[in-house]
Amino acid sequence: MKFKFARDIALLFFVVSIIAGCGGGSSSDSDEEIKQQLIVTIDGPNSVDEEDGFTLVASVNQSSEGLTFTWFNQDSLLVGEGAQLNIESLDVKEDSDLTYVLYVFDGESEIRTEYTLTVKHRINVVTAPKDTTNTVLLLQNKLLLEAQSLSNLLIQKNSGEVITQETVCPNGGLNTLTYLDNDDSATVSQGDRLKQTFQDCLVSYQTILVGTRLVSINDVDEQSKSIDFTVNNDAVDIVDMNSNYSGFMSFKGSYSTQLSYSPSSRNITIVADENLHATSLKETYLNDEVYNINIKNLLIDKNIDFNTATYSISTNGNVFDSNLNGEFSFSQEEPWFGYFLEYPHKGSMKVESQKEFLLLESNFVTDSEQFLVKYDQEEFALYWDYFSVDGLASFDENNHIISFRVDNFQRIYDNDLGQKLVPVDGPITLTFSRAVQSATAFFQKEYDYSTGNLPARVEIAGAKINIYPESFLQAGSNYSLNISEIVSVTGQNLSWINADISTTDSIIPKLTSDNYFYQDDAYPTLSAQESILNNGESFSYKWVDVSGLGIEFDNDEAVSTSFSLPQNIESDLIIELIITNELGEVARERITLKYLPKSGTYLYISGEEGDYISSGKKIIETLNTGDFSTSFDGEDMSHLAFSFENNISFWNLDLKAPGNERLSVAKYSNATRYPFQDSSSPGLSFTGEHRGCNEVYGEFEVFELEENTEEVQKLAVNFTQRCESNDSPELKGYIRFNSEIPLNP
C-alpha cells in the first residue's frame with residue numbers, strides 16, 4: 001500500500017542517519033531544534049443514516065505541509081487520502097458501529113488514530129424492488145386465497161351442505177374438516193368452530209403441512225348474510241416446502257375476516273395486526289432462503305360482483321420484513337380490477353419506505369399477464385403468475401388464470417360440483433367469466449336412456465346461470481347435465497358443457513299406489529311408507545293436487561292417504577308428495593294416475609324394480625296413445641297374439657293353451673316361454689322395447705274372450721311373468737280389449 005511504502009522508506013532513512021551519526025561530534029546535538037510531538041484529532045458525526053453519507057475531517061497540531069493522510073475502514077481497506085474523508089452512502093443490514101482508521105505520516109513518524117460512529121440501517125424499497133414486491137403481493141394473494149377457501153366452506157354450510165369430510169391430499173396425506181356445532185343448528189351460528197387438520201398434507205403443490213387450523217365464528221347476521229370469523233394458524237407447521245410452482249408464503253398467528261354474500265355479490269374483508277406473522281422465501285443463486293414478515297395494520301378488501309363477472313381488491317398496511325430488515329408500507333392507489341379468471345387489467349399500488357416508493361401497475365390487453373414495477377426513472381415487468389394470483393382472480397385454486405382480453409369467455413371451474421349433492425328441484429349454478437346472455441340445458445339420467453332428455457329451465461343472473469329441472473329429479477341418483485348455446489353479452493359463445501351431478505340422498509321419497517290408474521268411484525290408496533330417510537329425526541308429509549282437479553285427500557299430511565274426486569273427472573291425475581325434515585331439507589316425488597274407463601281398451605304394465613322387460617316402470621297405454629291389435633294364429637285357436645304400437649314403443653303378448661286345446665276363459669298356471677313350452681304346458685311371452693326373456697316363468701288368466709271367424713271381438717286377461725328364474729323380479733300385465741271386465745290388479 002502507498003502509506004506502507006512511505007513508512008518503509010522513512011524507516012530506512014532514519015536507520016542510515018543513526019549509523020552515519022555515530023562518528024560525528026556530539027556538540028551538534030545540543031544545537032538541533034527539538035520537534036513538537038504530532039497530535040491528530042478527527043471531527044465527524046456520532047451517527048448517520050446509511051444512505052445519507054458523512055464527512056470525517058482530520059486536524060493536526062502543526063502545519064499539515066508535508067504530512068500524508070491515509071484512511072482505512074475496519075476491514076483494512078483503503079477508503080481515502082487527505083485530511084478529509086467523504087463517504088457518500090453505506091449499505092448495512094442493521095444498525096452498526098463502524099470504525100475508521102487514519103494514518104498520518106510526517107516523513108519520520110506515523111500517528112494512528114481511530115474514529116467510531118453508528119450507521120443506522122434504513123430500509124429503501126428501491127434497492128430491492130423484487131423482494132419488496134414479493135412480500136406485498138404474496139401476503140395479499142395467499143391470505144385472500146386462504147380466507148376465500150374458508151368462506152366458501154361456511155357458505156356451503158349455510159346452504160345446508162355437510163362440510164365435515166376427510167380428503168386425501170395429492171401426496172397421500174390427509175386433510176380433515178370437522179365442523180364443531182355449538183348449538184346443533186343446521187346453519188352457521190355464533191360460537192361454532194371449523195377445524196381443519198393436516199396430516200402430512202401437500203397444499204397447493206407447494207407445502208406439506210401438519211397441525212390444526214381453527215376457525216372461530218364470532219358473529220352471524222342471518223338477515224344481512226354476514227359472518228365474522230377468526231382464523232388461527234398457530235398450530236400449523238411446515239414439514240417441507242416447494243417453490244417450483246409459484247411464490248411461497250405461510251402464516252402463523254390469527255386474523256379476522258368478515259364475509260358478506262348474496263346471490264349477486266360477495267365481499268371478504270381481512271383485518272390483521274401484530275398477531276399475524278408470515279414466512280416466505282427469497283430466491284438466491286444456490287437455493288432459497290426463508291425470511292419472516294411481521295404484519296401490522298393490514299386491511300384487505302375484495303368485492304366480487306356476479307352481475308358483471310368482475311372483482312376489485314384494495315390492500316393497505318405495513319410490515320416489518322426480515323429480508324430487508326426494516327418496515328415499509330403499501331397502499332392501494334387504484335383497486336386491482338378484472339374479470340373472473342383473468343389478471344387485473346386495472347389498478348395500481350404504492351409501496352414506500354421513508355423517502356422512496358415503488359409503483360406497481362397493471363397492464364391492459366398488451367402484456368396483461370404481467371404488471372409493471374416503477375421507481376425513479378426505472379421500470380421492469382413481473383409475471384402475475386408467480387404471486388399466486390388465484391387469490392385475486394378466482395374462488396378456487398384449481399382454476400387457470402389467463403391474460404385479459406375483451407373477448408374472453410370461459411366457465412369458472414367449480415371443484416365441488418361433482419361432489420355436491422344437489423337438490424332434486426335445483427338449482428345447479430354455473431358461473432362464467434362474463435355476464436351471460438343466453439343458454440339452454442337438459443338432464444340425462446345416468447345409464448337410463450329410456451327416459452330421454454329431461455328438459456331444464458335456465459335462469460340467467462349476470463355471470464351465473466341457474467338451472468332447474470322442469471320436473472323433479474330422482475333423489476339419490478346420478479345425472480349428466482348438458483348445457484349448450486351459451487352466449488356472453490359480448491357475443492362470445494361456448495358450444496357445449498357437460499357436468500356430472502348427484503342429487504341429494506338425505507330423503508329419498510318413495511310414493512306407491514295400490515294402482516297407477518283410477519276409474520269412476522274407484523281410487524287407489526297412496527303411501528310414503530317405503531321412503532328412505534337418511535338425515536334428520538322428524539319429518540312432515542304433504543300431499544298436493546298438482547293437476548288442480550279438486551282432489552280431496554282424507555289426510556293430506558299423513559304418511560298414507562286415500563282420496564276422492566268430484567263427479568265426471570276423466571283426466572289424468574298428477575299428485576305430488578313433499579317430505580321435509582327438521583333441517584329444512586326437502587324431497588319431492590310425483591305420481592301420475594291414468595284415468596281408465598270401466599269398459600274400453602288399454603294395456604297396463606306394472607313391473608317390479610329389476611324386471612328386465614319393464615325396467616321396473618308402471619306403463620299404461622290407451623287408444624289415445626297408440627294402436628291395439630289381437631288375433632288368433634290362423635286356424636290355431638290355442639294361440640292368441642296381442643300387440644300395441646306407437647311411434648316410440650311397442651309391446652307384444654303371446655298366449656298358448658296346452659297342446660292344441662282351444663284358448664278359453666280359464667286360469668293357466670306354470671306357463672313357460674312361448675313357443676318353446678312343453679306340449680302339456682301353457683305358453684307365455686311378453687316382450688317389448690327390443691327386450692325379451694330367454695326363459696319364462698309365469699301364469700295368466702283369461703276373464704273374457706269373444707271372437708268370430710275373422711277376429712277377436714273382446715279380450716280381458718291378466719298375466720304374471722318372471723325372466724330367467726322363478727325368483728326374479730315380477731312383471732304384471734293387464735289387457736282389456738273392448739272389454740267391460742274391471743281391472744283387479
Any donor-acceptor pair under 3.5 Å linking the side chain of [X] with the backbone of [Y]?
{"X": "Glu88", "Y": "Gly53", "result": "no"}
{"X": "Asn158", "Y": "Val188", "result": "yes"}
{"X": "Asp221", "Y": "Gln223", "result": "yes"}
{"X": "Asn73", "Y": "Ser76", "result": "yes"}
{"X": "Gln332", "Y": "Ser348", "result": "yes"}
{"X": "Thr55", "Y": "Asn86", "result": "no"}
{"X": "Asn124", "Y": "Val126", "result": "yes"}
{"X": "Asn363", "Y": "Gln370", "result": "yes"}
{"X": "Asn175", "Y": "Cys169", "result": "no"}
{"X": "Asp192", "Y": "Asn182", "result": "yes"}

If I take atom [atom1] from residue [X] and atom [atom2] from residue [Y], how far apart are they, to the nearest 0.5 angstrom?
{"X": "Lys302", "Y": "Ile313", "atom1": "NZ", "atom2": "CD1", "value": "5.0 Å"}
{"X": "Arg112", "Y": "Phe72", "atom1": "CZ", "atom2": "CZ", "value": "10.5 Å"}
{"X": "Lys252", "Y": "Asn232", "atom1": "NZ", "atom2": "CG", "value": "9.0 Å"}
{"X": "Tyr291", "Y": "Leu281", "atom1": "OH", "atom2": "CG", "value": "8.0 Å"}
{"X": "Phe251", "Y": "Ile293", "atom1": "CZ", "atom2": "CD1", "value": "8.0 Å"}
{"X": "Ser216", "Y": "Lys195", "atom1": "OG", "atom2": "NZ", "value": "12.0 Å"}

Short side-chain donor-acceptor distance under 3.5 Å, [Y] and [X]:
{"X": "Thr99", "Y": "Thr116", "result": "yes"}
{"X": "Asp305", "Y": "Ser265", "result": "no"}
{"X": "Asp95", "Y": "His121", "result": "no"}
{"X": "Asp43", "Y": "Thr41", "result": "no"}
{"X": "Thr118", "Y": "Asp97", "result": "yes"}
{"X": "Ser151", "Y": "Gln148", "result": "no"}
{"X": "Asn218", "Y": "Gln190", "result": "no"}
{"X": "Asn303", "Y": "Ser312", "result": "no"}
{"X": "Tyr261", "Y": "Asn152", "result": "no"}

Next on the checklist: Looking at Lys355 and Asp52, is there a salt bridge between them, counting it only when a charged N and a carboxylate O are closer than 4.0 Å?
Outcome noted: yes
Next on the checklist: Please determine whether a side-chain nitrogen of the Lys or Arg among Arg213 and Glu146 lies less than 4.0 Å from a carboxylate oxygen of the Asp or Glu.
Outcome noted: yes
If you count every heavy atom of other residues, nucleotides or ligands that lies below 6.0 Å from [X] atom [atom1], does the total exceed 12?
{"X": "Phe320", "atom1": "CZ", "value": "yes"}
{"X": "Asp75", "atom1": "CG", "value": "yes"}
{"X": "Arg122", "atom1": "CZ", "value": "yes"}
{"X": "Lys346", "atom1": "NZ", "value": "no"}
{"X": "Tyr383", "atom1": "OH", "value": "no"}

Checklist entry - So among Phe54, Trp71, Phe69, which one has a ring-ring contact (aromatic ring centres under 6.0 Å, His included) with Tyr100? => result Phe54
Checklist entry - Do the rings of Phe340 and Phe306 sit parallel, tilted or perpendicular, given the 30° and 60° boundaries? => result perpendicular
Checklist entry - Would you call the rings of Phe404 and His345 parallel, tilted or perpendicular, where under 30° means parallel and over 60° means perpendicular? => result parallel
Checklist outcome for this item: Result for side-chain contact (heavy atoms from CB on, under 4.5 Å) between Leu259 and one of Asp228, Leu150, Ile155 points to Ile155
Checklist entry - Looking at Leu298, Leu392, Asp301, which hits side-chain contact (heavy atoms from CB on, under 4.5 Å) with Thr315? => result Leu298
Next on the checklist: side chain to side chain contact (heavy atoms under 4.5 Å, CB included) for Asp106 and Val104? Distances and angles first, verdict last.
Outcome noted: CA-CA 7 Å; Asp106 62 1; Val104 180; over 6 Å; no
Assess [X] against [Y]: is NZ or CZ under 6.0 Å from the centre of the six-membered ring, and within 45 degrees of the ring's axis?
{"X": "Lys142", "Y": "Phe387", "answer": "no"}
{"X": "Lys157", "Y": "Tyr179", "answer": "yes"}
{"X": "Lys350", "Y": "Phe357", "answer": "yes"}

Next on the checklist: Going by salt bridge (Lys or Arg N to Asp or Glu O under 4.0 Å), name the residues that satisfy it together with Glu50, two or more places apart in sequence or in a different chain.
Outcome noted: none
Checklist entry - By salt bridge (Lys or Arg N to Asp or Glu O under 4.0 Å), which residues pair with Lys225, not counting sequence neighbours? => result none
